[in-house]
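Worksheet for the structure shown next.
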Number of protein chains: 2
Amino acid sequence: MEEIKTIMIGATLKELRKELNISQEEISGRTGLDRTFISMLERDIRQPTITTIFLLAEALKLKPFELVKKVEEKYKGYEIKRDTY
Amino acid sequence: MEEIKTIMIGATLKELRKELNISQEEISGRTGLDRTFISMLERDIRQPTITTIFLLAEALKLKPFELVKKVEEKYKGYEIKRDTY
DNA sequence: ATGTAGACTAAAGTCGACC
DNA sequence: GGGTCGACTTTAGTCTACA
């Protein structure tokens with residue numbers, strides 16, 4: 001069982017956005033979140049909170065749980081193990 | 001359509017924990033998150049990030065998307081509308 | 001076993017500018 | 001259109017302590 005420390009949602013977000021053929025600026029407009037922040041989310045430099053996940057899902061035309069499910073599918077066979085700090 | 005500003009996961013977390021008959025301290029132990037932080041999450045004083053959601057789901061013996069789905073069901077007919085700050 | 005409070009550190013999220 | 005940098009404010013998350 002491989003260990004990971006943080007959930008990476010970036011690739012999933014980018015894929016879904018590309019499927020819709022829209023820009024980061026469009027996501028920014030739809031969510032009310034800053035454009036540079038969307039960029040950082042896609043590059044896994046930032047992590048969304050649950051409210052942000054709900055906003056992103058709405059912008060990407062799917063349900064929050066579906067978005068999470070897509071992220072989840074990338075982590076089959078991995079165990080999350082945080083750094084306790 | 002009612003407007004809300006933040007997603008409240010607290011009640012869902014507490015219900016699931018009660019169903020398992022375990023303490024906040026047990027959740028703290030299973031997730032590696034601070035006990036006082038679990039308390040704040042249940043009282044909606046704090047918001048989890050996606051990594052925290054995955055950890056909580058594991059501790060509560062369900063899949064992350066199932067946890068999110070349960071939260072989602074409490075928001076039928078609501079629209080999220082953040083304060084842009 | 002839980003809520004709360006205070007003080008703290010790390011990370012979420014904004015904004016303006018430039019490439 | 002998107003990456004990045006710096007400076008900023010707010011919040012996630014820790015920890016000790018007490019009711």
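Computed over heavy atoms, backbone and side chain alike; hydrogens, waters and symmetry mates excluded. The chains referred to below are lettered A, B, ... by the order of the sequence lines, with proteins before strands, and numbering in each begins at 1.
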Next on the checklist: Quick check: any donor-acceptor pair below 3.5 Å linking the side-chain of B:Arg82 to the base of C:dG13?
Outcome noted: no
Item to check | Euclidean distance, atom CD1 of residue A:Ile9 to atom C1' of C:dA12 [Å, nearest integer] | outcome: 14 Å
Checklist entry - Does OP1 or OP2 of C:dA12 have a side-chain N or O of A:Thr49 closer than 4.0 Å? => result no
Checklist entry - Is the distance from OP1 or OP2 of C:dT2 to the nearest side-chain N or O of B:Arg17 less than 4.0 Å? => result yes
Next on the checklist: For D:dG3 and A:Ser39 - does any side-chain N or O of the residue sit under 4.0 Å from the phosphate oxygens OP1/OP2?
Outcome noted: yes
Next on the checklist: Base of D:dC15, side chain of B:Thr36 - is there a donor-acceptor contact under 3.5 Å?
Outcome noted: yes
Next on the checklist: In this structure, how many angstroms lie between the P atom of D:dA12 and the CZ atom of B:Phe54, rounded?
Outcome noted: 19 Å
Checklist entry - Nearest-Å distance, CZ (B:Phe37) to P (D:dT11)? => result 14 Å
Checklist entry - Under 3.5 Å, side chain of A:Thr49 to main-chain N/O of B:Thr49, donor-acceptor pair present? => result no
Next on the checklist: I'd like to know if A:Tyr75 and B:Leu55 are part of one continuous hydrophobic network [Ile/Leu/Val/Met/Phe/Trp/Tyr, side-chain heavy atoms within less than 4.5 Å].
Outcome noted: yes
Item to check | B:Thr36 versus B:Ser39, side-chain donor and acceptor atoms under 3.5 Å | outcome: no
Checklist entry - Expressed in angstrom and rounded to an integer, what is the separation of B:Leu41 atom CG from C:dT4 atom P? => result 14 Å
Checklist entry - For A:Ile7, does its backbone N or O pair with a side-chain atom of A:Gln47 as donor and acceptor, under 3.5 Å? => result yes
Next on the checklist: Determine whether a donor-acceptor pair (N or O, by modelled atom type, separation under 3.5 Å) exists between the side chain of A:Arg46 and the backbone of A:Leu41.
Outcome noted: no
Next on the checklist: How many whole angstroms separate atom CD1 of A:Ile45 from atom P of C:dT14?
Outcome noted: 15 Å
Checklist outcome for this item: With the side chain defined as heavy atoms from C-beta on, A:Lys14 is closest, among D:dG1, D:dG3, C:dT14, to D:dG3
Item to check | Whole angstrom value for the distance that separates P of D:dC18 from CZ of B:Arg35 | outcome: 14 Å
Checklist entry - Where the side chain of B:Thr52 is defined as all heavy atoms beyond and including C-beta, which of C:dT14, D:dG13, C:dA12 is the nearest nucleotide? => result D:dG13
Item to check | Base D:dG2 paired with A:Arg43 side chain (donor-acceptor, <3.5 Å) | outcome: no
Next on the checklist: If I take atom CG in residue A:Asp44 and atom P in nucleotide D:dT4, what distance separates them, rounded to the nearest angstrom?
Outcome noted: 13 Å
Checklist entry - For A:Asp34 and C:dA12, what is the distance between atoms CG and C1' respectively, to the nearest whole Å? => result 12 Å
Checklist entry - Out of D:dA12, C:dT2, D:dG13, which nucleotide sits closest to the side chain of B:Gln47? => result D:dA12
